[in-house]
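Structure, as structure tokens:
Order of listing sets the numbers, starting from 1, for every ligand and every atom in it. Since the model is a prediction, treat every value here as computed from it, not as a measurement.
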Amino acid sequence: MLNNINNVFKGSVFQTKEYGTLEYLDNILILVDNKGIIKNVIEKENEYYKPIIEEATNKNILVELSESQYFLPGFIDLHIHAPQWPQAGIALDDSLDVWLNECTFPLEAKYSDVNFAQKVYDDLVKNLVARGTTTAMYFATVHHNSSLELVKSCINNGQRGFVGKVVMDNVEMTPDYYRDNSTNEALLDTEKFIQDVIKLGENVLQGVYPVVTPRFIPSCTDEALYGLGKIVKKYDAYVQSHCSECDWEHNYVKSRLGMTDTQALNKFGLLGEKSVMAHCNFLNEGDGEIFNQTGTSIAHCPISNSYFANAVLPVKRLKKQGVNIGLGTDISGGFSPSLYDNIKQVVISSRMLEDGVDSNISNTNRGVNDSRTSVVEAFYLATKGGGDALKLPLGIIEEGYICDLQVIDINASKSKLPNFNIFNDKKHLLEKILYLSTINNIKQVWIQGKLVYENN
Ligand SMILES: [Zn+2]
């Protein structure tokens with residue numbers, strides 16, 4: 001019965017297949033093959049349930065959760081600046097100008113040193129995996145070799161990684177000591193990076209993928225942006241950038257190009273099925289339509305937005321329009337490597353958008369009506385929304401999907417969640433897990449059917 005099955009997982013699952021709808025699967029069996037793909041999901045009522053447990057026990061391939069443990073799908077972080085990990089939590093009280101020019105750019109310039117890169121990247125990937133992030137989309141720096149180190153860190157730690165060598169060639173908007181040497185070199189380096197990542201990933205089960213990465217329109221010349229658009233087409237590559245993040249950026253693009261970020265990125269050939277754009281706080285209805293037509297997704301970064309975006313992403317409005325949205329930590333504009341923290345902030349920010357924040361304004365005019373996002377909706381963004389953004393079968397436990405799991409223990413010795421047999425409904429239990437779990441509650445992380453992390 002279990003031919004070609006590598007593992008049988010037995011336990012209860014929380015997941016959300018449809019935006020806003022929570023699903024709880026009680027003590028199911030998840031059958032996973034040697035490629036890490038879910039071959040079957042067996043419910044308790046199924047006649048083969050007991051025989052499968054028996055056979056899996058005999059073959060020593062049963063992974064059984066205890067009563068206080070639950071499976072969640074692995075989280076998908078769509079926006080991380082890996083080189084900024086040493087800056088996490090730093091200078092967030094300063095202006096964007098100080099944050100960027102005194103901290104970020106000097107820090108990113110240090111990644112000309114491959115050994116430094118290797119040390120930071122390995123530490124970051126380990127930290128993300130330990131927080132249940134099984135797939136991550138990263139900006140590296142302009143440096144070719146050290147950006148490859150990030151790919152290697154993903155491979156070595158078993159994480160599914162999407163990595164971009166950053167392009168920033170506009171001499172007017174980048175510091176002398178940190179930019180591409182020329183437009184032509186930036187384009188050649190991008191192609192070489194794509195080829196090298198494809199080679200590195202040839203035998204990597206969980207996959208590593210190159211991403212075309214213009215930092216954002218201000219830091220790139222039109223020539224570079226057009227050139228990158230052509231490279232995207234040639235390699236059918238993933239693309240990431242920032243789009244309409246804050247007032248300054250949004251207005252800069254309008255005055256330089258006479259159109260919105262979205263229109264400009266589309267004109268350059270950078271929007272498509274495999275495009276993920278960070279922030280997008282200032283998208284208008286027409287921009288949302290372009291996202292829909294091209295299949296582009298948003299990486300919502302709610303913690304970072306609270307510091308630097310001057311606005312809250314209107315998640316509810318964009319979801320109603322049909323735009324796909326996933327979540328990003330945006331290290332280090334966001335201080336936290338945890339998508340749990342960002343799930344909470346999705347909800348909190350949406351409430352502030354709905355209610356408004358200035359008590360001098362009457363409550364009828366203070367906020368934007370009908371803007372709330374629920375915690376179950378935010379959970380969707382961190383899982384299925386991310387999978388859809390990457391166009392991969394990720395984010396839910398279902399036949400044909402990739403088996404990425406976190407094992408959550410609500411009775412973890414250093415972080416026991418309050419459970420006094422009062423709020424026993426499953427939705428309350430998930431809410432408790434999402435709001436109160438710490439790194440101590442994440443006992444195991446499995447990526448593509450392989451155990452990559454264990455917290456004993
Ligand atoms: Zn960013």
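One of the N, O or S atoms belonging to H79 lies under 2.8 Å away from the Zn ion (ligand 1).
Under the rule for a salt bridge (Lys or Arg N to Asp or Glu O under 4.0 Å), R351 has no partner lying at least two apart in sequence or in another chain.
For R131 (side chain) and I439 (main-chain N/O), no donor-acceptor pair under 3.5 Å exists by modelled atom type.
Identified under the ring-ring contact (aromatic ring centres under 6.0 Å, His included) test for residues 369-402, with sequence neighbours left out: Y19-Y380.
For D330, the N, O or S atom closest to the Zn ion (ligand 1) goes by the atom name OD1. Restricting H242 to its N, O or S atoms, the one at the least distance from the Zn ion (ligand 1) is NE2.
The number of heavy atoms from other shown groups lying within 6.0 Å of NZ (K443) is above 12.
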